[in-house]
Asker: 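Encoded as structure tokens, here's the structure I'll be asking about.
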Amino acid sequence: MAASGLFVPLAALLTADPSLAPTAVAPVEAPVVAPAPVEATPVAPTALAPASPPPAALAPAPVSVEPMRDPFRPDAPVSGWDVPATTTTTTTTSGAAAPTSTTTTTTTTTVTHRIVVPALPPSPPPQQARKRRFVSGYGGFGMRVGSVSHRMATFSNIRGGLLLGERVMIGGSLVRMTKRFGPPIQGDSGQSYQLAMAYGGLHLGVVALRRGRFELGVDSLLGVGVGCIVNLRSHHDDKVDARCVEQVKMFTAEPGAFMHIALAKWMRVGMNAGYRFVARERWPSGNNFAMNGGYFGLNLDFGWFARPGWR
């Protein structure tokens, strides 16, 4: 309100004094200036300087690839391990007219060289448990029939030994002639005499064929013995000497063949046959009694005959 009071006297003052009244001012026209023509001045093109290569700080750092090491020889790489190779490709793009920038592309490619290692040989099969060698023993007796000096005779036999493995048997045998059939031997004095013999030695056998409880093979007896002429009356007359009237030493070899059948694990029966070869001394009386001859026998043995897998 105070401000409006001041403006009222000032307006009244200007109205009362005409000299102080404002006069009209004619408008001033602005001069028109025509534009002067401007000639275009040709400017010679300047060659652009090639773009400077990027600073080393912006260039990609080289990739360092360390070859793999042999774990068993860590001091040097070994042929046959993967060795990476680095390939660097640089591509520069430039404009044909006025290049304004240069682009550098770095590509790192890692190539792996793999050497095919031959496969390891297959592992050997597990070792089987060692088969235990069969060892056992036997013992038995038997009887034989054979010829002695062109007459049939009977023999008793006792034998025993070891069974080694699947094929071999080794032991001893003792053979004694028990009776000679036929007429006795007549002496010049009318006395009756008879032959007697006994021998024994090493008994060897080899099994050639075995089928379950049955076996077939060959054997031989090698031994020594004695042959003698006995007085038949010595068994009934105490005044007659019962000892041999004549006696000779002899060497005996009996090659033959056998067949055994096991009736049980601890018992078997068998048959054997062969020929008896005798090398003897000369009879003191000059007689020529032949001690050679063939034989056939039956045997009964006791022992342990059950081999592995035997039924």
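Everything quoted here is computed from the prediction, not taken from an experiment.
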Asker: How close do N231 and S192 get, heavy atom to heavy atom, and via which atoms?
Answerer: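 For N231 and S192, the tightest heavy-atom pair comes out as OD1-O, 3.4 Å.
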Asker: Please check if L298 and L216 belong to a single hydrophobic cluster, counting links between Ile, Leu, Val, Met, Phe, Trp and Tyr side chain heavy atoms closer than 4.5 Å.
Answerer: yes
Asker: Of all residues at least two apart in sequence or in a different chain, which pass the salt bridge (Lys or Arg N to Asp or Glu O under 4.0 Å) check with D301?
Answerer: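 Residues passing salt bridge (Lys or Arg N to Asp or Glu O under 4.0 Å) with D301: R159, R268.
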Asker: Going by side-chain hydrogen bond (donor to acceptor under 3.5 Å, both in side chains), name the residues that satisfy it together with S220, two or more places apart in sequence or in a different chain.
Answerer: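 side-chain hydrogen bond (donor to acceptor under 3.5 Å, both in side chains) list for S220, sorted by chain: empty.
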Asker: Among all residues two or more places apart in sequence or in another chain, which pass the salt bridge (Lys or Arg N to Asp or Glu O under 4.0 Å) test with E166?
Answerer: R210, R307
Asker: How far does CD of Q194 sit from CZ of R180, to the nearest 0.5 angstrom?
Answerer: 5.0 Å
Asker: Is there a side-chain contact (heavy atoms from CB on, under 4.5 Å) between V175 and S173 once you walk through the steps?
Answerer: CA-CA 7 Å; V175 180; S173 179; 4.1 Å; yes
Asker: State yes or no: do F305 and F134 share one hydrophobic cluster built from I, L, V, M, F, W and Y residues joined by side-chain heavy-atom distances below 4.5 Å, directly or via other members?
Answerer: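 Hydrophobic grouping puts F305 with F134.
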Asker: Could you give all pairs that pass the salt bridge (charged side-chain N to carboxylate O under 4.0 Å, His left out) test and reach residues 258-267, with sequence neighbours left out?
Answerer: none
Asker: With sequence neighbours left out, what residues match N292 under side-chain hydrogen bond (donor to acceptor under 3.5 Å, both in side chains)?
Answerer: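 Scan of N292 (side-chain hydrogen bond (donor to acceptor under 3.5 Å, both in side chains), adjacent residues dropped) gives none.
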Asker: How close do F296 and A273 get, heavy atom to heavy atom, and via which atoms?
Answerer: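 Closest approach of F296 to A273: CD1-CB, 4.1 Å.
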Asker: Pairs in or reaching into residues 252-272: which pass ring pair (Phe, Tyr, Trp, His ring centres under 6.0 Å), with residues at least two apart or in two chains?
Answerer: F258-H260
Asker: Got a second to check how far L222's CG is from F251's CZ, nearest 0.5 Å?
Answerer: 5.5 Å
Asker: First locate atom CZ of F141, then atom CG of N299, and finally report the distance between them rounded to the nearest 0.5 Å.
Answerer: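 Those atoms lie 9.5 Å apart.
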Asker: List the residues meeting side-chain hydrogen bond (donor to acceptor under 3.5 Å, both in side chains) with E246, not counting sequence neighbours, and say none if there are none.
Answerer: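 Testing E246 for side-chain hydrogen bond (donor to acceptor under 3.5 Å, both in side chains), a comparison that skips the adjacent residues, returns S285.
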Asker: Applying a strict under-4.5 Å side-chain criterion to I, L, V, M, F, W and Y, I'd like to know whether M259 and V207 cluster together.
Answerer: no
Asker: With clusters built from Ile, Leu, Val, Met, Phe, Trp and Tyr whose side-chain heavy atoms come within less than 4.5 Å, directly or transitively, what are the remaining members of the cluster of V218, listed by chain and number?
Answerer: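 Other cluster members: none.
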Asker: Grab the two heavy atoms, one from L163 and one from M169, that are nearest each other, plus how far apart they are.
Answerer: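 The answer is CD2-CB, 3.6 Å.
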Asker: Between L221 and Y138, is there a shared hydrophobic cluster once you connect ILVMFWY residues whose side-chain heavy atoms come closer than 4.5 Å?
Answerer: no
Asker: Considering only Ile, Leu, Val, Met, Phe, Trp and Tyr, and joining two whenever side-chain heavy atoms are under 4.5 Å apart, list the other residues clustered with L174.
Answerer: none
Asker: From H203 NE2 over to N157 CG, what is the distance, rounded to the nearest 0.5 angstrom?
Answerer: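 Answer for the NE2-CG pair, H203 versus N157, is 8.0 Å.
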Asker: Does some side-chain heavy atom of V245 sit less than 4.5 Å from a side-chain heavy atom of V230?
Answerer: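 No, side chains not in contact.
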Asker: Using a 4.5 Å cut-off between side-chain heavy atoms of Ile, Leu, Val, Met, Phe, Trp and Tyr, which other residues end up in the same hydrophobic cluster as L164?
Answerer: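 Cluster partners of L164: V135, L162, V168, I170, L202, L204.
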Asker: For residues V248 and F289, determine if any side-chain heavy atom of one lies less than 4.5 Å from a side-chain heavy atom of the other.
Answerer: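 They are not in side-chain contact.
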Asker: Tell me who clusters with F277, hydrophobic residues only, linked when side chains sit under 4.5 Å apart either directly or through other members.
Answerer: Y275
Asker: List the steps and the verdict of side-chain contact (heavy atoms from CB on, under 4.5 Å) for V224 and T252.
Answerer: CA-CA 6 Å; V224 295; T252 306; over 6 Å; no
Asker: Which heavy-atom pair separates R276 from Y199 by the least distance, and what is that distance?
Answerer: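 Heavy-atom minimum between the residues: CD-OH, 3.4 Å.
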Asker: Is it the case that over 12 heavy atoms from other parts of the model lie below 6.0 angstrom from the CD1 atom of I158?
Answerer: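 Open: at most 12 neighbouring heavy atoms sit under 6.0 Å from CD1 of I158.
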Asker: For the pair T178 (side chain) and T154 (backbone), establish whether a donor and an acceptor sit closer than 3.5 Å, ignoring hydrogens and angles.
Answerer: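 At least one qualifying donor-acceptor pair exists.
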Asker: Quick one: CE on M291 to CE on M250, what's the gap to the nearest 0.5 Å?
Answerer: 5.0 Å
Asker: Honestly curious: do V226 and Y193 fall in one hydrophobic cluster under the side-chain, below-4.5 Å linking rule?
Answerer: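 No; Y193 is not reachable from V226 via cluster members.
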Asker: Distance from Q247 atom CD to M197 atom CE, nearest 0.5 Å?
Answerer: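 Answer rounded to 0.5 Å: 12.5 Å.
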Asker: How close do M267 and L300 get, counting heavy atoms only, and between which atoms?
Answerer: CG-CD1, 3.9 Å
Asker: Could you tabulate the donor-acceptor pairs under 3.5 Å formed by side-chain atoms of residues 142-151, not counting sequence neighbours?
Answerer:
unit_1	atom_1	unit_2	atom_2	d
R144	NH1	E254	OE1	2.7
R144	NH1	E254	OE2	3.1
R144	NH2	E254	OE1	3.4

